[in-house]
> 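Please see the structure below; I have some questions.
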There are 2 protein chains.
Amino acid sequence: MATNDMSPGARALLTKLDLFAKLDPQARRTLAGLLDRPQVSYERGQDLMTQGALRRDSYVILTGWAARSKTLPDGRRQILSFLTPGDAVGLFGAITPVATSSVTALSDLTAAPFAPTAIVRTIARSPQLAAALVWAAAREQEIMGEHLVSLGRRSARERVAHLFLELWARLKVRGLAGGDQLQVPLTQQIIADALGLSVVHVNRTLRQLAAEGLLAVKRESVALLDIRQLHQVTGFDEDYLMHHAMPQDLAAELARLVTHGPG
Amino acid sequence: MATNDMSPGARALLTKLDLFAKLDPQARRTLAGLLDRPQVSYERGQDLMTQGALRRDSYVILTGWAARSKTLPDGRRQILSFLTPGDAVGLFGAITPVATSSVTALSDLTAAPFAPTAIVRTIARSPQLAAALVWAAAREQEIMGEHLVSLGRRSARERVAHLFLELWARLKVRGLAGGDQLQVPLTQQIIADALGLSVVHVNRTLRQLAAEGLLAVKRESVALLDIRQLHQVTGFDEDYLMHHAMPQDLAAELARLVTHGPG
DNA sequence: CGACTATTTGAGGAGTGTCAAGAGTAGTGG
DNA sequence: CCACTACTCTTGACACTCCTCAAATAGTCG
């Protein structure tokens, strides 16, 4: 099955999973079967999923950004992760009946819906796709781990610099950012909620980094002016983003399964 | 296959996965085949896995505690998660050749080793086990998400109280803690590294909570003296620990797969 | 233009970190 | 059984990062 026969949702997910492995026809067929429903649109600020509410559909994001967040009873909010095109919303949604976090559109966005329980069928039908989904889960865990380091052990200055370097690296590898420029629909309040800081302090930190010539923040876009020094400020090392293909031994194991069947 | 025919590693993992679903014979056979190597021992302080080093075996922890952590170039350390019996070390280890975090024994411990690539074969052979592994991954993500909330938005006092309530809930559901007492091999330095605080401040916070009669900290053990008030301090809600079985619809989907095959 | 929303700046304070030193608490070896 | 060593834990004094409150400025969109 050629890429252009697939739905937009399948293509978006495929683009991401291709970072990890070139999916075989069986995997592509399974993927296409999963994502065969018409796409949906959300406006900025709307929830694709609400903390405490019953789960509905899962999605693959096609265009736009979203944030997964948890809110405490007194209103304090922590953003757990940013979701960009190709990322899944509620991939493991079938497992808990009630959502433990919210997913909110940060910009107008479009997404491809799918049934949460479909993930099991998907895993059973294509070992290669199963491995790719495990990879995607592992990658999310890596990113959350690096965020834990930021929140626990990095200064405000380091957190801000690290966030932009991460977003830049994530967008670049999927062709969504070029040069030192990136389009990000993030307000300072959103950055604050992601980094565990107050809006006021985020503002001061951004202005300080700008004054030092490290970056320039414009409305909904950021320019990284001195990437070398930004790396030094944070000790940024993009290994955790897992922008590389499957290791040899895993590929060999998979090939054996595909050839001889799972038995 | 009866439980007592299995290796200790398979039994430990099974005990954990049973929180989610009663595994069928096919799943149990697959699990037993995965964990058929002799167990290994580590002393307190030793690494089961070292950040920056090539990956070796993966493990299921049988007895004792471990911590997964990342260390910055200047020595600052952040603990990402605590691992207790039944938890897996490097479950997704086959996917990245180099370890992005360390796993260190917090007490003397024993573990059952397995080949990292075996996870793929496991997924292909038993859809039920695959679903259980996805559940385990989703649960880890939930716990990390709650830790992000702690580090980003909770005060020292709230973080400490929340940590002990979490550990207590996790141990109790596996029968490793009774009453209001829990055995934890945690020094104040380790608690500090987990909560993103300094040792000094952890000490002050613990003493304050003790002075208020909320908990009593003894050498390697903690007593939660006023659980109701501890819940109030933190707004603790254990839903995120996913101590419940598989939802109906997912169970139905799985049953269909097991009966009619993945085709 | 008017109503919002987002950004920016100032002043003062609370929460945590750092540095330093003393007191417990094992474990080790003579 | 007692010194000796190495961790831990505890406490005090002080500094600093970051937060809160408040208000002005700048964008954005109907």
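Letters A, B, ... are given to chains in the order of the sequence lines, protein chains preceding strands, and every chain is numbered from 1.
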> Short question: side chain of A:T50, backbone of A:S102 - any donor-acceptor pair under 3.5 Å?
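Judged by distance alone, no pair lies under 3.5 Å.
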> Kindly assign one of parallel, tilted or perpendicular to the pair B:H162 and B:Y240, based on the angle between their ring planes and the thresholds 30° and 60°.
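Because their plane-to-plane angle is under 30°, the rings of B:H162 and B:Y240 count as parallel.
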> Provide, to the nearest angstrom, the distance between the CZ atom belonging to A:R76 and the P atom belonging to D:dC19.
12 Å
> Of the residues in residues 145-165 of chain B, which ones touch DNA chain D at a heavy-atom distance under 4.0 Å?
none
> Checking all strands, does A:G196 fall into the base, sugar-phosphate, or nothing category for heavy-atom contacts under 4.0 angstrom?
sugar-phosphate
> Can you tell me which residue pairs pass the ring-ring contact (aromatic ring centres under 6.0 Å, His included) test with a partner in residues 65-86 of chain A, sequence neighbours excluded?
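ring-ring contact (aromatic ring centres under 6.0 Å, His included) check on residues 65-86 of chain A returns no pairs.
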> Take the protein atom CD of A:Q208 and the nucleotide atom P of D:dC18, then report the distance between them rounded to whole Å.
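Checked: the CD to P distance equals 10 Å.
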> Does CZ in A:R44 sit with more than 12 non-hydrogen atoms of other residues, nucleotides or ligands closer than 6.0 Å?
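Atom CZ in A:R44 is not packed in, count stays at 12 or less.
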> Can you pull out how bent the helix from C:dC1-D:dG30 to C:dG30-D:dC1 is, comparing the axes over its first five and last five pairs, to 10°?
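So the angle between the two local helix axes works out to 50°.
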> In Å, rounded to the nearest 0.5 Å, how long is the span from CG of A:D226 to CG of A:D180?
10.5 Å
> Under a 3.5 Å cutoff, is there a donor and acceptor pairing between the side chains of B:S41 and B:T110?
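There is no such pair between these side chains.
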> Going by heavy atoms in the side chains, are B:I227 and B:L224 under 4.5 Å from each other?
yes
> Any sub-3.5 Å donor-acceptor pair from B:S58's side-chain atoms to B:G90's backbone N or O?
yes
> Going 5' to 3' along DNA chain C, between which two nucleotides do contacts with chain A fall, using a heavy-atom cut-off of 4.0 Å?
C:dA6 to C:dA11
> Any chance the side chains of A:T96 and A:R55 put a donor and an acceptor closer than 3.5 Å?
yes
> Considering all heavy atoms of both residues, which atom of A:R56 and which atom of A:P116 are nearest to each other, and what is their separation?
O-CG, 3.3 Å
> With no hydrogens and no angle check, just 3.5 Å: does a side-chain donor-acceptor pair link A:S221 and A:Q183?
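The answer is no; no qualifying pair exists.
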> Quick check: do B:L176 and B:P85 have side-chain heavy atoms less than 4.5 Å from each other?
yes
> Quick one, give me the B/S/- string for nucleotides 7-16 of chain D, reading 5' to 3', where B means a protein heavy atom under 4.0 Å from the base and S means that only happens at the primed atoms, P, OP1 or OP2.
-SSBBBB---
> What pairs meet the salt bridge (Lys or Arg N to Asp or Glu O under 4.0 Å) rule with one or both residues in residues 144-160 of chain B, with sequence neighbours excluded?
A:K70-B:E146, A:R76-B:E158, A:D193-B:R153, B:E146-B:R154, B:R157-B:E212
